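Taking it in order: structure first as structure tokens, then the write-up.
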Number of protein chains: 2
Amino acid sequence: METRDAENWPDAAAPPATTPTDRVRERLLRAVLEQRLPPGAKLTEDEIAGLCGVSRTVVRAALQALSHDGVVVLERHRGAFVAAPSPQSAREVFEARALLEPAVARAAARHADAEALARLARHIEAEHAALEAGELGRAVHLSGRFHLVIAEMSRHQTIAALLGGLIARSALVLALYARLPDTLCERHAHGALLAALTARDADAAEAAMRRHLADLLAGLDLAPRAPSKPDLARALSTG
Amino acid sequence: METRDAENWPDAAAPPATTPTDRVRERLLRAVLEQRLPPGAKLTEDEIAGLCGVSRTVVRAALQALSHDGVVVLERHRGAFVAAPSPQSAREVFEARALLEPAVARAAARHADAEALARLARHIEAEHAALEAGELGRAVHLSGRFHLVIAEMSRHQTIAALLGGLIARSALVLALYARLPDTLCERHAHGALLAALTARDADAAEAAMRRHLADLLAGLDLAPRAPSKPDLARALSTG
DNA sequence: CAAGAAAAATTTGTGTACAATATTGCGGCA
DNA sequence: TGCCGCAATATTGTACACAAATTTTTCTTG
């Protein structure tokens with residue numbers, strides 16, 4: 001985390017980030033979504049404040065905002081941690097997405113314009129590039145943003161905002177429970193979505209989205225692992 | 001707003017509210033939902049801080065949390081205001097609910113237990129009582145909580161959290177756009193929902209919820225009124 | 001030497017002070 | 001008289017300081 005990051009973004013989905021709180025929030029969110037901060041990581045206020053060159057006040061505000069999206073969890077008098085969704089939570093997140101996103105895809109197909117479609121195409125390119133470069137975390141992040149761009153295309157600001165949080169949590173879920181780097185699957189699914197949207201075929205877009213989400217959920221391994229703390233306790237008791 | 005309020009609640013849906021920030025948030029939320037603070041009202045930090053006996057720090061945190069749910073809007077260097085959803089926003093809120101709540105009702109039917117059903121029944125009683133007493137705002141608030149209780153019954157914590165914000169905004173939408181005090185409609189619809197849940201009839205619960213939400217949306221008058229600021233501008237230009 | 005308790009250190013929670021900015025009221029000027 | 005610019009006021013944004021709580025370390029004791 002340096003003071004200034006001018007990495008190449010596939011598009012202007014995260015433009016200037018005007019307020020300091022938003023800047024810190026964006027940076028933390030990106031670090032989490034690109035898996036540079038693993039689930040469960042402690043987020044010390046002073047440390048972040050020092051790193052970002054702001055006071056704890058704004059860091060606290062950013063952490064609160066992130067906690068509201070379920071990306072970090074705040075434990076009173078203990079601090080902020082990157083969320084580590086339980087298998088139950090993971091299922092719920094994808095269930096919620098399965099309820100919202102097919103309708104979003106349908107609406108996006110209606111409002112698809114050339115510029116937005118170009119953005120989506122560039123996004124797929126960027127995902128592909130990240131995978132080629134072996135930057136798995138970055139690829140997951142970009143994959144999430146792909147869905148968010150579709151949500152923005154749908155012009156449903158309210159639902160898009162809800163999906164923002166759900167998609168962010170999905171990145172954490174993938175970090176914890178992905179069975180294996182489902183690379184080609186992703187790429188093909190997003191391609192199919194883009195094709196349906198380009199054809200303005202609402203039925204196809206909805207179907208593609210539904211299938212894609214089902215595939216994502218099916219690609220998870222939600223039984224075995226357990227959260228770190230109970231895991232330790234049980235491991236020692238049985239050992 | 002006094003320092004201590006021990007009004008009668010239909011159930012323990014809002015239990016102790018342990019932290020000061022949560023207490024302030026709850027109080028503000030209730031004031032908004034019961035329409036004691038109308039849409040557009042200015043929420044001055046110092047005023048709230050004095051009234052609640054806390055510092056601006058916790059008031060700010062509470063306002064931020066509420067803004068994330070769309071109940072208040074924060075304008076930089078201008079302050080916090082009770083949200084006044086645009087007709088477009090209003091539609092979106094109910095669209096989002098229409099996507100989530102039928103599934104929630106279905107799940108709630110599966111998990112319905114005697115205690116939860118009793119809570120719902122008491123809720124309907126309280127709604128009725130509020131309407132009889134002419135406390136319209138309180139009735140709207142209770143009506144919203146009825147839906148939230150169903151969401152909790154469904155055991156989908158993630159979706160329930162999303163619905164919390166949507167339902168709160170719905171109260172604002174009703175305050176702004178309700179065609180008329182749709183009293184009997186509400187009462188009947190909630191009764192039908194409770195009946196379906198009691199019978200553990202998932203199909204009936206889903207259908208009742210779908211119909212209820214459609215009725216609510218149909219009961220809105222989303223064309224004429226406009227938000228306060230554009231309203232003024234246009235009113236003066238046409239006059 | 002291990003286990004428990006006390007104390008030190010770290011970290012979060014809250015209040016307060018000051019700086020930045022928007023709004024409001026006043027006075028000068030065409 | 002009406003309008004523009006400027007000072008006064010009020011409110012928010014941020015930093016900092018202290019209080020409360022937790023975690024870690026250390027010291028005592030069986």
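The model shown is predicted, which means the values in this text are computed figures rather than measured ones. The chains referred to below are lettered A, B, ... by the order of the sequence lines, with proteins before strands, and numbering in each begins at 1.
- For A:Gln88, the CD atom counts as densely surrounded, since its 6.0 Å shell holds more than 12 non-hydrogen atoms of other residues, nucleotides or ligands.
- Aromatic ring orientation, B:His68 versus A:His68: tilted (interplanar angle from 30° to 60°).
- Rounded to an integer number of Å, the gap from B:Ile48 CD1 to D:dT11 P is 12 Å.
- Here the P atom of nucleotide D:dT12 and the CG atom of B:Asp46 are 7 Å apart, to the nearest Å.
- Between B:Arg60 atom CZ and D:dT14 atom P there is a gap of 7 Å when expressed in whole angstrom units.
- Using a 4.0 Å cut-off between charged nitrogen and carboxylate oxygen, A:Arg145 and A:Glu127 do not count as a salt-bridge pair.
- Within residues 61-71 of chain A, no residue has any heavy atom under 4.0 Å from DNA chain C.
- Contact check for A:Arg169 versus A:Leu166: side-chain heavy atoms found under the 4.5 Å cut-off.
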Hey, what are the protein-to-nucleotides 15-18 of chain C N/O distances that come in under 3.5 Å?
from, atom 1, to, atom 2, distance (Å)
C:dG15, OP2, B:Ser55, N, 2.9
C:dG15, OP2, B:Ser55, OG, 3.4
C:dG15, N7, B:Thr57, OG1, 2.7

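- Atom NZ of B:Lys42 and atom C1' of D:dT11 are 6 Å apart (whole Å).
- B:Glu92 and A:His156 share no donor-acceptor pair across their side chains, judged by distance under 3.5 Å alone.
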- Under 4.0 Å protein heavy-atom contact, by nucleotide of nucleotides 19-24 of chain D - B base, S sugar-phosphate only: --SSS-

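- Salt-bridge formation is detected for the pair B:Arg119/B:Glu152: a Lys NZ or Arg NE/NH1/NH2 atom is positioned less than 4.0 Å from an Asp or Glu carboxylate oxygen.
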